[in-house]
**Student:** 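Handing you a structure now.
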Amino acid sequence: MRTKLTRIAELAKQRPRIKLQTLIHVIDEESLKVAHSCMQMNKATGIDAITKEEYGEKLEENLTDLLDRMKRQGYKPQPVKRVCIPKADGKKRPLGIPAYEDKLVQKVLNEILTAIYEEEFLECSYGFRPGKSCHDALKELANIVITKKVNYVVDADIKGFFDNVSHSWMMKFLQERIEDRNLLRLIQRFLKAGVIEAGIEYETDKGTPQGGIISPTLANVYLHYVLDLWFTVKIKKESRGEAYLVRYADDFVCFFQYQTDAESFYGKLIDRLKKFNLEIAKEKTKVIEFGRFSADNRARREESKPNTFDFLGFTHYCSKSKTGKFRVKRKTSRKKMKAKLKDFTKWLHNNMHTEVGELIKQVNAKLVGHFRYYGVTDNSKGINTYRYRIRRKLFEVLNRRSQKKSLTWEGFIKLENRFPLAKARTYVNIYG
């Protein structure tokens, strides 16, 4: 499988203007077995209610049947089971769970798409790509603001991106690089598979597969053509000054040297997205003065400090280093802090009767996960505040286990000596 994917990647690189054929052959028994071995245990099931363990009991028989259906065009992905997860703002986030067999096919299909499009995607794209991460996007953002001639930021948000992707445009974009009709037909079937919610099946005439493994890659393909190429080829050349883009999935920020370029781009962005069935969330999109000279310029005009903007869970703001040099800093955004604390509190209450040692072990695993993401340069206050709040919540929950509320802070500190809470620490050096 790896040899086939390497060959596809080489062809994509060597022939950037040639459409690739005969790709579907990568989805074979070997690749599906590898996909099966990679699937996690005890995951929620789709409408088929089949687990990894159950599918694996007759793996050879199941894969033979699956491949036979694929060869005679009889394989059709099942509708995705949709459940809604409550968000901190009271709204609900839809979560899709594909059938197990469909997960296997999507897993291999995603490997094929990744092999092709890793040679296509631009450096400004960071989301769900091998060797790239949120922290890499944050580092590039800091590098642009500190070293480039930028004074304005367009902080943009696409309204319901994953729910509004145009299927017809998606297929047109894919056909720019893929000429394998069988592979294109398979992708289209996933797009049209539909969803089932509360026992009712709904057709999907737009959007990418809810919760699907291929969804992030398809999203990157869509925005590669809609945004990345357009910005690089057209916007940068039309701008009077410097212009830069950093995108992570559907979350992106743009930087400009001149205000006129930033405001012009804002207007063009609305029209550009509309062409491809998308629109910006106007209440979340803004043009702000931001950069090395913004503080001095605003002070000269007797205006307040530069505004801030949120990106990837952090609020970015203009500041200075200990040596007095300009520095863009970041802290956990208020919205994310509130949501994380709410989720953690709910989890604590649901697990309050777990044995104390085991409970704190699980708490520490969650804390370390939070610190590994939010523990970046200049955010020590944010992660320490988070730990402080979680520590107090843990005390409250442990106290509630006894109706007498007999646990004092002295007793809690003794408990901490036996089962220490993970310390907040910086894991990522943005400037290193």
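In this text the structure is predicted, and so the values were computed from the model without any measurement.
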**Student:** Distance from Ile235 atom CD1 to Leu229 atom CG, nearest 0.5 Å?
**Tutor:** 12.5 Å

**Student:** Looking at side-chain heavy atoms only, is the closest gap between Trp230 and Leu269 below 4.5 Å?
**Tutor:** yes

**Student:** Leu113 pairs by side-chain contact (heavy atoms from CB on, under 4.5 Å) with which of Leu218, Val221, Leu23?
**Tutor:** Leu218

**Student:** Anything under 30° is parallel, anything over 60° is perpendicular, the rest tilted; go ahead and classify Tyr248 against Phe128.
**Tutor:** tilted

**Student:** About how many Å separate CG of Leu341 and CD1 of Ile390, when rounded to the nearest 0.5 Å?
**Tutor:** 5.0 Å

**Student:** Please, which pairs that meet salt bridge (charged side-chain N to carboxylate O under 4.0 Å, His left out) have at least one residue in residues 188-207, sequence neighbours excluded?
**Tutor:** Arg82-Glu197

**Student:** Does the cation-pi check pass for Lys286 over Phe309, that is, NZ or CZ under 6.0 Å from the six-membered ring centre and within 45° of its axis?
**Tutor:** no

**Student:** Please name all residues satisfying ring pair (Phe, Tyr, Trp, His ring centres under 6.0 Å) with His167, sequence neighbours left out, ordered by chain then number.
**Tutor:** none

**Student:** So does Lys172 pair up with Glu176, basic N to acidic O under 4.0 Å?
**Tutor:** no

**Student:** Mind checking whether Asp251 and Phe161 have side chains closer than 4.5 Å, heavy atoms only?
**Tutor:** no

**Student:** Mind checking what makes ring pair (Phe, Tyr, Trp, His ring centres under 6.0 Å) contact with Phe121, not counting sequence neighbours?
**Tutor:** Tyr117, His224

**Student:** Would you say that Val150 contacts Phe290 through its side chain, given a criterion of any heavy-atom pair below 4.5 Å between the two side chains?
**Tutor:** no

**Student:** Okay, side chain of Asp48, backbone of Ala99: is any donor-acceptor separation there less than 3.5 Å?
**Tutor:** no

**Student:** First locate atom CG of Leu63, then atom CG of Asp28, and finally report the distance between them rounded to the nearest 0.5 Å.
**Tutor:** 10.0 Å

**Student:** Parallel, tilted or perpendicular, judged at 30° and 60°: which one describes the rings of Phe276 and Tyr222?
**Tutor:** perpendicular

**Student:** Does the side chain of Arg330 come within less than 4.5 Å of Thr377's, by heavy atoms?
**Tutor:** yes

**Student:** Has Lys331 got more than 12 heavy atoms of other residues, nucleotides or ligands less than 6.0 Å from its NZ?
**Tutor:** no

**Student:** What residues, two or more places apart in sequence or in another chain, satisfy side-chain hydrogen bond (donor to acceptor under 3.5 Å, both in side chains) together with Asp155?
**Tutor:** none

**Student:** Any donor and acceptor pair, going by atom type alone, linking the side chain of Lys329 with main-chain N or O of Asp378 inside 3.5 Å?
**Tutor:** no

**Student:** Set out, in order, the CA-CA distance, both residues' side-chain angles and the distance that settles side-chain contact (heavy atoms from CB on, under 4.5 Å) for Glu111 and Thr114, then state yes or no.
**Tutor:** CA-CA 5 Å; Glu111 296 272 4; Thr114 299; 5.6 Å; no

**Student:** Taking atom types as modelled and ignoring hydrogens, do the side chains of Asp157 and Thr285 form a donor-acceptor contact shorter than 3.5 angstrom?
**Tutor:** no

**Student:** Provide the full list of salt bridge (charged side-chain N to carboxylate O under 4.0 Å, His left out) pairs with a residue in residues 117-136, sequence neighbours left out, each pair given once.
**Tutor:** Glu118-Arg129, Glu120-Arg177, Glu123-Lys132

**Student:** Working to the nearest 0.5 Å, report the span between SG of Cys254 and CZ of Phe265.
**Tutor:** 3.5 Å

**Student:** Under the side-chain hydrogen bond (donor to acceptor under 3.5 Å, both in side chains) rule, what do Asn384 and Arg387 come out as? Steps first, then yes or no, please.
**Tutor:** CA-CA 5 Å; Asn384 276 292; Arg387 182 185 185 276; over 6 Å; no

**Student:** Determine whether Met337 and Arg389 make a side-chain contact, defined as any pair of heavy atoms from C-beta on separated by less than 4.5 Å.
**Tutor:** no

**Student:** State whether the side chain of Gln106 and the backbone N or O of Ile214 hold a donor-acceptor pair below 3.5 Å, judged by distance alone.
**Tutor:** yes

**Student:** Working note: Leu122 + Leu245, criterion side-chain contact (heavy atoms from CB on, under 4.5 Å); need CA distance, chi angles, decisive distance, verdict.
**Tutor:** CA-CA 10 Å; Leu122 305 183; Leu245 164 70; over 6 Å; no

**Student:** Would you check if the side chain of Thr332 reaches a backbone N or O of Gly382 as a donor-acceptor pair within less than 3.5 Å?
**Tutor:** no

**Student:** Kindly say whether Leu359 contributes a backbone atom to a donor-acceptor pair with the side chain of Asn351 at under 3.5 angstrom?
**Tutor:** no

**Student:** Not counting sequence neighbours, which residues clear side-chain hydrogen bond (donor to acceptor under 3.5 Å, both in side chains) with Ser37? List them please.
**Tutor:** none

**Student:** Salt bridge check: are Arg247 and Asp228 linked by an N-O gap of less than 4.0 Å?
**Tutor:** yes

**Student:** Are the side chain of His135 and the backbone N or O of Tyr373 linked by a donor-acceptor pair below 3.5 Å?
**Tutor:** yes

**Student:** Who are the side-chain hydrogen bond (donor to acceptor under 3.5 Å, both in side chains) partners of Ser294, not counting sequence neighbours?
**Tutor:** none

**Student:** Decide whether a cation-pi geometry holds between Lys149 and Tyr258; the criteria are a distance under 6.0 Å from NZ or CZ to the six-membered ring centre and an angle within 45° of the ring axis.
**Tutor:** no

**Student:** Would you say Asn364 and Phe419 make side-chain contact, with heavy atoms under 4.5 Å?
**Tutor:** no

**Student:** Should the pair Phe314 and Tyr374 be assigned to parallel (<30°), tilted (30 to 60°) or perpendicular (>60°) ring geometry?
**Tutor:** tilted

**Student:** Got a sec, which pairs hit salt bridge (charged side-chain N to carboxylate O under 4.0 Å, His left out) with one end in residues 298-307, sequence neighbours left out?
**Tutor:** Glu289-Arg298, Glu289-Arg301, Arg298-Glu303, Arg301-Glu303

**Student:** Are any non-hydrogen side-chain atoms of Lys393 and Phe344 less than 4.5 angstrom apart?
**Tutor:** no

**Student:** With salt bridge (charged side-chain N to carboxylate O under 4.0 Å, His left out) as the rule and sequence neighbours excluded, what pairs involving residues 255-281 come up?
**Tutor:** Lys159-Glu279, Glu238-Lys268

**Student:** Parallel, tilted or perpendicular: which describes the rings of Phe395 and Phe412, with under 30° parallel and over 60° perpendicular?
**Tutor:** perpendicular

**Student:** Can you check side-chain contact (heavy atoms from CB on, under 4.5 Å) on Asn182 and Met70, steps first, answer last?
**Tutor:** CA-CA 9 Å; Asn182 291 326; Met70 292 187 73; over 6 Å; no

**Student:** Given Val80 and Asp102, is the side-chain contact (heavy atoms from CB on, under 4.5 Å) satisfied, shown in steps?
**Tutor:** CA-CA 9 Å; Val80 171; Asp102 297 335; over 6 Å; no

**Student:** Measure the spacing between CD of Gln362 and CG of Leu367 and express it to the nearest 0.5 Å.
**Tutor:** 12.0 Å

**Student:** Just by distance, do the side chain of Thr385 and the backbone of Lys381 share a donor-acceptor pair under 3.5 Å?
**Tutor:** yes

**Student:** Scan side-chain atoms only and decide if Arg327 and Ser319 contain a donor-acceptor pair under the 3.5 Å cut-off.
**Tutor:** no

**Student:** How long is the gap from CG on Leu104 to CG on Leu32, to the nearest 0.5 Å?
**Tutor:** 6.0 Å

**Student:** Could I get the full list of side-chain hydrogen bond (donor to acceptor under 3.5 Å, both in side chains) partners for Asn151, not counting sequence neighbours?
**Tutor:** none

**Student:** Residues in ring pair (Phe, Tyr, Trp, His ring centres under 6.0 Å) with Tyr386, at least two apart?
**Tutor:** His370

**Student:** Can you sort out the partners of Tyr126 under ring pair (Phe, Tyr, Trp, His ring centres under 6.0 Å), two or more places apart, ordered by chain and number?
**Tutor:** none

**Student:** Less than 4.0 Å between a side-chain N and a carboxylate O, is that true for Glu10 and Lys13?
**Tutor:** no

**Student:** So do the side chains of Ile146 and Tyr431 get within less than 4.5 Å of each other, counting heavy atoms only?
**Tutor:** yes

